[in-house]
Participant: 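The structure that follows is given in the form of structure tokens.
Quantities reported herein were computed from a predicted structural model and do not represent experimental measurements. Lettering follows sequence order; numbering is per chain, from 1.
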Amino acid sequence: MIDNRVETETELLRSRELLDAILEYAPGFIMAIDEHGKLLFINRVLPQHDRKKVIGSHWLQYLPPDQHDSLQVSFRAIFETGASKTYETSVAGPDGERVWLTTHMGPMRIGGRIAGVVLVAQEITELRRTQVEFAAAQKMAAVGTLAAGIAHEINTPVQFVGDSLQFLREGMHDILTVVDELERVCRLVTQESPSTTIRAALASVVKAEAAADLPYLRENVPQALDRCVDGLRRVSGIVSSMREFAHPARKEMAPVDLNRAITNTLTIARNEYVHLAELETDLRELPLVTCHVDQINQVVLNLVVNAAHAIGDVFRSTGVKGRLTVGTRMDGEDVVISVGDTGTGIPEAIREHIFEPFFTTKDVGKGTGQGLALAWTLVTEKHGGTLSYETALGKGTTFFVRLPRAGKLQALAGIN
Amino acid sequence: MRSSAVRSPSVGRIKISGRPAASGAAPKVSSSTGSGDTSVRGRPRILCVDDEPLVLKSMTASLRKHVEVVSANGAAEALELLEKDPGFPVVISDYRMPGMDGGAFLAQVRKRFPSIVRLLLSGAGAESVALDNPDLVFRFLSKPCARETLLQALDDAFARGGAGLA
């Protein structure tokens, strides 16, 4: 009898250990919680916790406080409805970084009654990041298609407005030449003691000239037409920058004139910085760089917008325009793009987080926390480059994008 | 509607000029200062094809001292016109047009009027047509195209035509 019980208990213990060992390798967290909210089981714990102490403690203390109310509601609802529920949430990871989880909560039925709740949570941070990158890529592709269409639509009127302006300039020049001749004739006729009729006609010419303010027209009409030509040239410059910037992405890397691409990007982003900062560029001579130009455009755009926001923070408090510096140079076999601002600098406390996805210090609606994270992924993972920065509080920050000139694969081949 | 509005003056012009195609030495248009030279007789004729009448009218006006522009509001109209009067040294066509596009149109011109030098003046996206078919397009000009660029291309086209390459 006693032997039997010991055997049964040994058996139970072994199967419990087996179950623990198996569940420890489940790709997620599995918790069982009793009706009072005490943890009955957890398959594993984060390194900062002790599993023995976790068992029996209240489940909510491991979840973000701002979610306690809604979790409590979901927990209670399971006892009332017996229905399970799935939701997404985020918690702080061991290093304080944000970890995204998808969580299923459902009833734990023992002997026909709901004795507690089973919670299975799986980490989906990587998936979320991929989704965000995919969405950004899709958005860029859509913008590219739109931009190409808009460029085409705008270029046709730019063509005929430009041709018409050329015609008007020449026509105006010719008309004024004729007017000069006519004026000369009028003067001659005036000297020749003309008849009363001619004198009256000459008087009406003088009157019409005065009413039209002919000297003013002579000087200002050609200038106005020149301004139109300049303005139109600017419009077509912006359109062509936009078209090149949003050029449909290629699958393969291709040799690219990076300085030209950066100039286009600065044209497009002009509105972000023009009222806040003076732009200084130092684009040195570069060989063609093998890269995904659409991705590098995206990186530079994100860095420029970020720099503009940093300068904007200072500008709003001091009213003094900052300086946005953009440069390129060769360094050995690498190309280095630098984007510098005269913003507030990056505080020590957040330095280690700035490249994390979803990390932002900006107000809700202004920053998505994707800009630098996306830049990081595109530079390091897609191009085999590095993204670094130098920052000084109160002085500003400069980001450095370092890319292997020959492209990622060639750079790797060079190492081997 | 659009087509007929542009057609009548074009056809009228052809009758006025009524002379053989530019022959002998290639005329030079880009260096012309323009002033004083308004005689129709001195100017070479070119055929411009675009579905946007405003482009045609503006180009006609802006080039008037350098070349005589005969315009056609589409590929079909241009081919019809060339059948009656093939005496053009150069044709400039837009790419994106309803019906026959600029690529197909220039292919027709090459086949039926091989001596005419062919230029493509178009918005973005048509570069590849010219790049992929160097025999089809003598030069690709991207819209918007500055007049100096267009005149230079015309000079080169006249020189090419005058050199008897076609």
Side-chain angles (χ1 to χ4, degrees), chain A residues 141 143-181 222 225-226 228-250 254 260 264 268, chain B residues 2 6 29-30 32-38 46 48-67 69 71 73 92-98 101-102 119-129 140-154:
Chain A
V143 168
T145 310
L146 268 178
I150 291 170
H152 189 84
E153 289 303 313
I154 293 177
N155 282 338
T156 298
V158 167
Q159 176 75 45
F160 68 70
V161 171
D163 281 345
S164 298
L165 281 172
Q166 282 288 359
F167 170 64
L168 283 172
R169 281 216 288 198
E170 278 181 7
M172 181 51 60
H173 176 263
D174 291 352
I175 286 171
L176 289 176
T177 310
V178 173
V179 169
D180 286 346
E181 284 302 307
L225 290 170
D226 287 350
C228 292
V229 171
D230 279 351
L232 197 66
R233 199 169 291 146
R234 232 188 275 177
V235 169
S236 71
I238 293 166
V239 171
S240 91
S241 290
M242 182 175 80
R243 206 186 73 209
E244 283 192 33
F245 177 86
H247 195 272
R250 289 206 209 176
R260 186 187 168 113
N264 284 335
I268 295 184
Chain B
R2 276 164 128 194
V6 175
V29 289
S30 65
S32 164
T33 55
S35 55
D37 176 24
T38 49
I46 61 168
C48 290
V49 190
D50 201 300
D51 62 319
E52 174 55 79
L54 296 178
V55 167
L56 295 171
K57 283 182 184 167
S58 306
M59 204 182 290
T60 305
S62 117
L63 297 178
R64 78 187 215 290
K65 289 188 180 174
H66 307 271
V67 290
V69 173
S71 47
N73 202 193
I92 303 177
S93 178
D94 183 24
Y95 181 71
R96 250 191 253 187
M97 295 185 288
D101 70 33
L119 305 184
L120 196 58
L121 170 64
S122 188
E127 290 97 331
S128 57
V129 179
F140 175 80
L141 299 162
S142 142
K143 267 185 198 168
C145 177
R147 191 174 63 169
E148 304 78 65
T149 314
L150 181 56
L151 288 176
Q152 185 57 56
L154 282 174

Participant: For the backbone of Cys145(B) and the side chain of Gln159(A), can you confirm whether one donor and one acceptor N or O come within less than 3.5 Å of each other?
Facilitator: yes
Participant: I'd like to know if the side chain of Asp163(A) reaches the main chain of Ser62(B), judged simply by a donor and an acceptor atom lying under 3.5 Å from each other, with no hydrogens or angles considered.
Facilitator: no
Participant: Rounded to the nearest 0.5 Å, what separation is found between the CZ atom of Arg64(B) and the CD atom of Gln166(A)?
Facilitator: 12.0 Å
Participant: Between Lys57(B) and Phe160(A), is there a side-chain heavy-atom distance shorter than 4.5 Å?
Facilitator: no
Participant: Can you measure from OG (Ser142(B)) to CG (Asn155(A)) and round to the nearest 0.5 angstrom?
Facilitator: 6.5 Å
Participant: Can you say whether Leu150(B) sits under 4.5 Å from chain A via the side chain, the backbone, both, or neither, judging by heavy atoms?
Facilitator: neither
Participant: State, with a plain yes or no, whether a side-chain heavy atom of Arg96(B) is found less than 4.5 Å away from one of Thr156(A).
Facilitator: no
Participant: For the atom pair CZ (Phe167(A)) and OG1 (Thr60(B)), what is the distance rounded to the nearest 0.5 Å?
Facilitator: 10.0 Å
Participant: Within this structure, what is the NZ-OG distance for the pair Lys143(B) and Ser240(A), rounded to the nearest 0.5 Å?
Facilitator: 16.0 Å
